[in-house]
Amino acid sequence: MQKLGIGIEETMAIGDSENDWTIVDAAGIGVCMENGEDIVKEKADYITKSNIESGVSVALRKFVLK
C-alpha cells in the first residue's frame with residue numbers, strides 16, 4: 001500500500017479463517033467467505049459465496065470490476 005500510495009480504506013481483504021479477521025476488519029472492504037469462521041463473518045462488510053462457488057471471483061466482480 002505504501003509503495004502504491006494508497007490507504008487502507010482503499011483496499012479489499014478476503015478471508016475465511018481466524019487468522020484473517022484482523023485484516024478483514026482493517027481493510028476498506030472486508031470480505032468473508034460464506035463457509036468462513038464466525039469471527040471473520042462478524043468483522044466482514046460483505047459475505048461472499050463459498051470457496052467452492054468461486055466466492056473470491058464474486059467479490060472481485062462486485063467491488064473491483066464493477
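Note that the structure is a prediction, hence the values are computed from the model and not measured.
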Taking the side chain as every heavy atom from C-beta outward, state whether Leu60 and Met12 have any atom pair closer than 4.5 Å. yes
Between Asn35 and Asp16, a side-chain donor and acceptor under 3.5 Å: no
In terms of heavy-atom contacts, Glu34 and Ile47 come closest through CA-CG2, 3.8 Å
What distance separates Ile29 CD1 from Glu9 CD, expressed to the nearest 0.5 Å? 11.0 Å
Tightest non-hydrogen contact, residues Lys41 and Met33, listed as CE-O, 3.8 Å
Roughly how far, to the nearest 0.5 Å, is the OG atom of Ser57 from the CD1 atom of Ile14? 9.5 Å
Taking atom CG of Asp20 and atom CD1 of Ile23, what is their separation to the nearest 0.5 Å? 9.0 Å
If only atom types and distance count, is the side chain of Glu10 paired as donor or acceptor with the main-chain N or O of Gly7 below 3.5 Å? yes
Please determine which of Val40, Val31, Ile39 meets the side chain to side chain contact (heavy atoms under 4.5 Å, CB included) test together with Val24. Val40
Glu18 atom CD: more than 12 heavy-atom contacts under 6.0 Å: no
Looking at Glu37 and Cys32, what are the two nearest heavy atoms and their distance? O-SG, 4.3 Å
Looking at Ile52, I'd like to know if its CD1 atom is crowded, meaning that more than 12 non-hydrogen atoms belonging to other residues, nucleotides or ligands lie closer than 6.0 Å. no
Nearest non-hydrogen partners of Glu53 and Val58, listed with the distance: O-CG2, 4.2 Å
Find out if a path of hydrophobic residues (ILVMFWY) with successive side-chain heavy-atom gaps under 4.5 Å connects Ile6 to Phe63. no
Cluster question for you: counting only ILVMFWY and a side-chain heavy-atom cut-off of under 4.5 Å, with indirect links fine, are Leu4 and Val64 together? no
